[in-house]
Engineer: 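Before anything else, here's the structure in question.
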Amino acid sequence: MAASKSTPISGASSYREIGEFWDAHDLSEYATAEVQMDVDIQSSVIYFGLEKSLAEKLRTLAHDQGETPEDLLSRLVEEHVGSSK
C-alpha cells in the first residue's frame with residue numbers, strides 16, 4: 001500500500017494499521033449501504049494429471065506467449081476438441 005494513501009474508514013496507511021484498526025472495531029459501528037449483486041457462476045475446474053516434463057514445457061511455452069499455463073492448455077484442448085467435431 002502506498003504511503004500517501006489511506007483507507008476511508010480507518011484512515012490507515014499500511015496493512016498493519018488496517019489490521020489493528022479492525023481488530024479494535026466492528027463494521028456495525030459504521031454506516032453502510034445495502035448492495036444488490038447478481039452472481040452467475042457457471043465455470044468449474046477439473047484437474048488432470050500431466051507428466052512433469054510436459055508440464056514444464058507447457059509452463060515455458062505459456063510464459064513465452066504471455067499467458068498462464070492453464071489458459072494455454074485450455075485453449076489447446078479447445079482447439080483440438082473443436083477441430084475433431
Side-chain angles (χ1 to χ4, degrees):
M1 176 175 286
S4 63
K5 298 207 176 203
S6 64
T7 61
I9 294 176
S10 68
S13 59
S14 72
Y15 293 120
R16 179 180 296 279
E17 289 175 2
I18 293 170
E20 290 171 355
F21 177 86
W22 287 112
D23 284 344
H25 295 84
D26 187 278
L27 186 59
S28 65
E29 300 171 22
Y30 300 90
T32 58
E34 185 175 324
V35 175
Q36 293 291 326
M37 295 189 323
D38 293 322
V39 178
D40 185 14
I41 300 174
Q42 295 184 12
S43 65
S44 64
V45 176
I46 299 173
Y47 293 93
F48 292 93
L50 196 59
E51 291 180 21
K52 185 176 180 178
S53 62
L54 189 55
E56 290 169 355
K57 290 177 186 178
L58 178 69
R59 271 194 204 102
T60 300
L61 183 59
H63 177 75
D64 292 347
Q65 294 182 9
E67 58 185 323
T68 66
E70 296 83 3
D71 289 343
L72 175 59
L73 183 58
S74 291
R75 183 171 53 81
L76 293 172
V77 170
E78 180 64 35
E79 288 172 1
H80 179 75
V81 171
S83 66
S84 66
K85 289 182 179 180

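We number each residue from 1, following the sequence as shown. Quick note: numbers below take in every heavy atom, side chains included, and nothing from hydrogens, waters or symmetry partners.
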Engineer: About how many Å separate CD1 of I9 and CG of L27, when rounded to the nearest 0.5 Å?
Structural biologist: 6.5 Å
Engineer: Without placing hydrogens or testing angles, list every side-chain donor-acceptor pair under 3.5 Å for residues 46-57, not counting sequence neighbours.
Structural biologist:
none

Engineer: Quick one: salt bridge (charged side-chain N to carboxylate O under 4.0 Å, His left out) pairs with a partner in residues 59-73, sequence neighbours left out?
Structural biologist: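 Every salt bridge (charged side-chain N to carboxylate O under 4.0 Å, His left out) pair that includes a residue of residues 59-73, provided the two are not neighbours, is E67-R75.
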Engineer: Can you say whether the rings of W22 and Y30 are parallel (under 30°), tilted (30 to 60°) or perpendicular (over 60°)?
Structural biologist: perpendicular
Engineer: What closest approach, in Å, do L58 and P69 show between heavy atoms, and which atom pair accounts for it?
Structural biologist: CD2-O, 3.9 Å
Engineer: For the pair D40 and D38, evaluate side-chain contact (heavy atoms from CB on, under 4.5 Å) and give the outcome as yes or no after the intermediate values.
Structural biologist: CA-CA 7 Å; D40 185 14; D38 293 322; over 6 Å; no
Engineer: Quick one: are H63 and Q65 in side-chain contact, heavy atoms under 4.5 Å?
Structural biologist: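 They are not in contact (no side-chain heavy atoms under 4.5 Å apart), so the answer is no.
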Engineer: Quick one: which residue pairs count as a salt bridge (charged side-chain N to carboxylate O under 4.0 Å, His left out) with a foot in residues 8-30, not counting sequence neighbours?
Structural biologist: none
Engineer: Hey, is NE2 on H25 packed in by over 12 heavy atoms from elsewhere, all under 6.0 Å?
Structural biologist: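 Above 12, so yes.
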